[in-house]
Amino acid sequence: MQQILEHKIVLVTGAARGLGAAYARGIVEAGGSVMIADLLAEDGVALAAELGDRAAFVTLDVTDPEAWDVAVAATVEHFGGIDGLVNNAGISATGVPAVEESIETFDRIIAVNLRSVYLGMRAVTPEMRKRGGGSIVNISSAAGLIGLALTGAYGAAKWGVRGLSKVAAVELGREKIRVNSVHPGMVLTPMTAPTGISLDEGAFPNNPMQRVGRPEELVGAITYLLSDAASYTTGAELAVDGGWTAGPSIEYVMGQ
Ligand SMILES: NC(=O)c1ccc[n+]([C@@H]2O[C@H](COP(=O)([O-])OP(=O)(O)OC[C@H]3O[C@@H](n4cnc5c(N)ncnc54)[C@H](O)[C@@H]3O)[C@@H](O)[C@H]2O)c1
């Protein structure tokens with residue numbers, strides 16, 4: 001792979017497994033260094049060991065402002081600074097209608113999936129300023145681009161991530177801190193596996209590509225946005241969803 005992230009230091013939240021682990025692998029393959037930040041210490045430490053010297057692990061609960069300070073300090077101490085942040089950690093929708101979600105669950109999903117993004121941007125910005133710029137990639141969802149049934153709090157959080165990314169992009173542009181949102185479609189990970197989705201062609205007939213995605217298929221979008229190849233890209237939203245949010249597949253529309 002092209003070394004587009006050579007000398008870049010990136011903190012990825014929720015990187016012990018699933019999509020975050022794929023991003024961590026992709027960052028190291030592209031020549032960068034990665035701080036794997038997650039609640040899952042065992043998985044995170046094992047992944048860091050597998051990836052070698054340009055990877056390390058720090059325990060982080062993304063809902064805890066003080067833990068953010070510790071994670072950022074650990075990254076700076078270990079690697080020498082921070083050029084990139086991928087706000088990826090998240091918890092799934094509960095699959096109940098929005099108005100039937102409990103208040104406690106609603107608040108929890110907002111805290112982990114949206115408030116965390118604010119806390120993360122707030123924590124890394126001083127370090128990015130010291131380096132004269134940076135790139136923040138906030139992971140939203142297809143559910144942050146359309147109204148997806150049974151994703152009330154999740155969808156609200158992901159729309160919030162998209163909006164917050166644009167506000168931060170506008171505010172930080174002059175300081176060369178770029179902020180973009182990425183919107184994965186349905187991807188097979190430990191989060192989505194319990195729903196029984198399969199990678200088989202044709203298994204997702206509503207989707208123009210008619211299949212769900214693999215974590216590796218998101219990596220290029222993330223490494224691109226973190227790299228200097230995206231030096232004029234900020235405030236953008238990138239759907240990586242097999243065309244899901246563009247509209248239903250022609251076969252689905254024609255009832256085939
Ligand atoms: N898989 C999909 O189809 C899909 C689609 C759209 C968006 N996304 C988003 O992508 C991101 C990653 O999803 P995934 O499918 O890899 O999920 P996953 O459940 O496989 O991984 C999520 C990771 O986040 C960590 N995490 C959860 N709460 C945390 C907290 N409070 N502090 C720190 N870490 C925490 C978990 O320990 C886990 O390692 C999420 O933000 C999710 O909403 C996923």
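Both ligands and their constituent atoms are indexed starting at 1 by order of listing.
Here the heavy atom of the protein found nearest to atom 20 (O) of ligand 1 is Arg17 NE, 3.2 Å. Of all protein heavy atoms, the one lying nearest to atom 8 (N) of ligand 1 is Tyr154 OH, 3.6 Å. The closest protein non-hydrogen atom to atom 36 (C) of ligand 1 is Asp38 OD1, 3.5 Å. Looking only at protein heavy atoms, the nearest one to atom 14 (P) of ligand 1 is Thr189 OG1, 3.6 Å. Scanning all protein heavy atoms for the shortest distance to atom 29 (C) of ligand 1 gives Leu39 CD1, 3.7 Å. If you check which protein heavy atom lies closest to atom 24 (O) of ligand 1, you get Gly14 CA, 3.4 Å. Counting only heavy atoms of the protein, atom 26 (N) of ligand 1 lies nearest to Ala89 CB, 4.0 Å. The protein non-hydrogen atom at the shortest distance from atom 22 (C) of ligand 1 is Gly90 O, 3.8 Å.
The number of heavy atoms from other shown groups lying within 6.0 Å of CZ (Arg122) does not exceed 12. In this structure, His7 places its NE2 atom where only 12 or fewer heavy-atom neighbours from other residues, nucleotides or ligands lie under 6.0 Å away. Under a cut-off of 6.0 angstrom, the local environment of NZ in Lys176 is sparse, with at most 12 non-hydrogen atoms contributed by other residues, nucleotides or ligands.
The option with the heavy atom closest to atom 32 (N) of ligand 1, from among Asn138, Val62, Val161, Leu47, is Val62. Nearest residue to atom 41 (O) of ligand 1 from Ile139, Asn88, Val86, Asp241 is Asn88 (criterion: closest heavy atom).
Residue-ligand proximity: Leu60 is placed with a non-hydrogen atom under 4.0 Å from ligand 1. A heavy-atom separation below 4.0 Å is found between Lys158 and ligand 1. Close to ligand 1: Gly185, with a non-hydrogen atom less than 4.0 angstrom away.
Counting heavy atoms closer than 4.0 Å to ligand 1, residue Thr192 contributes side-chain atoms (C-beta onward) but none from N, CA, C or O.
Distances below 4.0 Å separate heavy atoms of Met186 from the following atoms of ligand 1: 3 (O). Close approach of ligand 1 to Gly18 (heavy-atom distance below 4.0 Å) involves ligand atoms 16 (O), 20 (O). Near Pro190, with a cut-off below 4.0 Å to any heavy atom, the atoms of ligand 1 are 20 (O). Residue Leu40 approaches ligand 1 through these ligand atoms, each under 4.0 Å from one of its heavy atoms: 37 (O), 39 (O). Residue-ligand proximity, Ser140 to ligand 1, at heavy-atom distances under 4.0 Å covers atoms 7 (C).
With hydrogens and angles ignored, the 3.5 Å screen pairs a side-chain donor or acceptor of Asn180 with a backbone N or O of Thr233. Arg178 places a side-chain N or O within donor-acceptor distance of the main-chain N or O of Leu225, the cut-off being under 3.5 Å. A donor-acceptor distance shorter than 3.5 angstrom exists from the side chain of Asn88 to the backbone of Thr13, with no hydrogens or angles considered. Not one N or O on the side chain of Thr105 forms a donor-acceptor pair closer than 3.5 Å with the backbone of Glu101.
Rounded to the nearest 0.5 Å, atoms CZ (Phe204) and CG (Leu199) are 12.5 Å apart.
Remark: the Ser165 side chain and the Asn138 side chain contain an N/O donor-acceptor pair separated by less than 3.5 Å. Of the N and O atoms on the side chains of Glu201 and Gln210, not one donor lies less than 3.5 Å from an acceptor on the other residue.
Residue-to-ligand polar distances place Val187 within reach of ligand 1: an N/O pair is separated by less than 3.5 Å.
With Ser140 as the fixed residue, the side chain to side chain donor-acceptor pair (under 3.5 Å) test singles out one of His183, Glu237, Arg162: His183.
By the 4.0 Å N-to-carboxylate-O rule, Arg25 lies close enough to Glu50 to be salt-bridged with it.
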